[in-house]
Amino acid sequence: MRKVLFLKSSILGGYSQSSHLVDYAVEQWKKSHPNDVITVRDLAVDNLPFLDGELVGMLAPAEGTVLTDRQKSVQATSDALIAQLKDQDVLVLGVAIYNFNISTHLKNYIDLICRAGQTFRYTESGPIGLSGVKEALVLKANGGIYGETHSSIAYLKQVLGFIGIEEINFISAEGMGYGDEVKTKSIADAKAAIDAYLSK
Ligand SMILES: Cc1cc2nc3c(=O)[nH]c(=O)nc-3n(C[C@H](O)[C@H](O)[C@H](O)COP(=O)(O)O)c2cc1C
């Protein structure tokens, strides 16, 4: 039995291709791994707070620091997100590309879960990830066709590696803006790749 957290992050609701892939993966996951415990959340509707000049002070306050009520409240939200993440074996991210990057909502989640002493710590030989999550699967959709060297992939590898996730798999539905034929084939290929991933 493994615990698996699926995070959607598209702003396009029912039109979202990455959320469509997440829904498909959840459905197939339940069929192929019926004992796994699955949690799904949608960061685009979660209404999580964004970091600002006040809230940054709640990330890793020095001992004895007195937090404002707002800092305390957001720290509790961040604590809960981190507790949920650290309880998982696998993280599955639905990733939408907007203006060449991940969505604001996913970046915001990352800003809330990257906390020194909790999901990473620095040592004399560099950072160590503390999330305890073993594996990530990224289900990405983008209008263009960028391949595996896209900056969004490099970024996600870096930040997920930073919190200690060593095995990271990417499945991309590319060319969502290239017309129906390309789009249909790309989604079908992504679903086949999900099936192959789940049959490993
Ligand atoms: C505001 C906005 C910006 C976008 N910018 C890009 C972009 O920079 N590169 C790209 O390949 N596609 C871009 N697209 C297309 C999306 O990547 C495409 O619609 C993809 O399906 C988004 O994932 P989603 O359907 O899960 O939301 C953009 C779409 C929107 C709505």
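Heavy-atom basis, side chains included; hydrogens, waters and symmetry copies ignored.
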**Student:** Apply side-chain contact (heavy atoms from CB on, under 4.5 Å) to the pair L156 and L93, showing each step before the final yes or no.
**Tutor:** CA-CA 10 Å; L156 287 167; L93 294 179; 4.3 Å; yes
**Student:** Under 3.5 Å, is there a donor-acceptor pair between the Q84 and R41 side chains?
**Tutor:** yes
**Student:** Please round to the nearest 0.5 Å and tell me the distance separating atom CG of D87 and atom CG of L5.
**Tutor:** 9.5 Å
**Student:** Does the side chain of L7 come within less than 4.5 Å of L91's, by heavy atoms?
**Tutor:** yes
**Student:** side-chain contact (heavy atoms from CB on, under 4.5 Å), that's the test. Do I194 and L198 meet it? Break it down for me.
**Tutor:** CA-CA 6 Å; I194 291 169; L198 286 171; 4.0 Å; yes
**Student:** Any side-chain heavy atom of C114 within less than 4.5 Å of one from V159?
**Tutor:** yes
**Student:** State plainly whether the residues K3 and D36 are in salt-bridge range, i.e. N to O under 4.0 Å.
**Tutor:** no
**Student:** Which heavy atom of R121 sits nearest to which heavy atom of T123, and what is that distance?
**Tutor:** NH1-CG2, 3.4 Å
**Student:** Is there a side-chain contact between W29 and Y24 in this structure, where contact means two heavy atoms from C-beta onward sitting under 4.5 Å apart?
**Tutor:** no
**Student:** Anything under 30° is parallel, anything over 60° is perpendicular, the rest tilted; go ahead and classify F162 against F120.
**Tutor:** tilted
**Student:** I'd like to check I187 versus Q17 (side-chain heavy atoms, cut-off strictly below 4.5 Å). Are they in contact?
**Tutor:** yes
**Student:** Say you draw a straight line from CD1 of I102 to OG of S10; how long is it, rounded to the nearest 0.5 Å?
**Tutor:** 13.0 Å
**Student:** Just verifying a value: how many Å separate N35 CG and K30 NZ, rounded to the nearest 0.5 Å?
**Tutor:** 13.5 Å
**Student:** Please collect all side-chain hydrogen bond (donor to acceptor under 3.5 Å, both in side chains) contacts where either partner lies in residues 179-191, sequence neighbours excluded, each pair once.
**Tutor:** H20-K191, K185-D189
**Student:** Is the closest side-chain heavy-atom distance between K140 and I153 below 4.5 Å?
**Tutor:** yes
**Student:** Does D79 come within less than 4.0 Å of K86, counting only side-chain N to carboxylate O?
**Tutor:** no
**Student:** Does a side-chain heavy-atom distance below 4.5 Å link L48 with V74?
**Tutor:** no
**Student:** Yes or no on side-chain contact (heavy atoms from CB on, under 4.5 Å) for H105 and N108, after CA distance, side-chain angles and deciding distance?
**Tutor:** CA-CA 5 Å; H105 297 82; N108 187 42; 5.5 Å; no
**Student:** Do any pairs count as a salt bridge (Lys or Arg N to Asp or Glu O under 4.0 Å) and have a residue in residues 4-16, sequence neighbours left out, and if so which ones?
**Tutor:** K8-D23
**Student:** Using 4.0 Å as the upper bound for N to carboxylate O, is an ion pair formed by K134 and E166?
**Tutor:** no
**Student:** Please examine the side chains of L67 and P61, heavy atoms only from C-beta on, and report whether any two atoms are closer than 4.5 Å.
**Tutor:** yes
**Student:** Please step through side-chain contact (heavy atoms from CB on, under 4.5 Å) for the pair L85 and Y109, ending with a clear verdict.
**Tutor:** CA-CA 11 Å; L85 179 69; Y109 173 84; 3.8 Å; yes
**Student:** Kindly give the cluster partners of I128, where membership spreads through any ILVMFWY side chain lying under 4.5 Å from a current member.
**Tutor:** L130
**Student:** Evaluate the salt bridge (Lys or Arg N to Asp or Glu O under 4.0 Å) criterion for residues K72 and E54: first the C-alpha distance (whole Å), next the side-chain angles of each, then the deciding distance (0.1 Å), finally the verdict.
**Tutor:** CA-CA 11 Å; K72 278 187 209 157; E54 178 185 358; over 6 Å; no
**Student:** What distance separates L51 CG from L59 CG, expressed to the nearest 0.5 Å?
**Tutor:** 5.5 Å
**Student:** Any non-hydrogen side-chain atom of V138 less than 4.5 Å from a side-chain atom of N169?
**Tutor:** no
**Student:** Drop me the distance from S199's OG to Q28's CD, to the nearest 0.5 angstrom.
**Tutor:** 11.0 Å
**Student:** May I ask you to decide if the ring planes of H150 and Y146 are parallel, tilted or perpendicular, using 30° and 60° as cut-offs?
**Tutor:** parallel
**Student:** To the nearest 0.5 Å, what is the distance between OH on Y98 and CG on N142?
**Tutor:** 11.0 Å
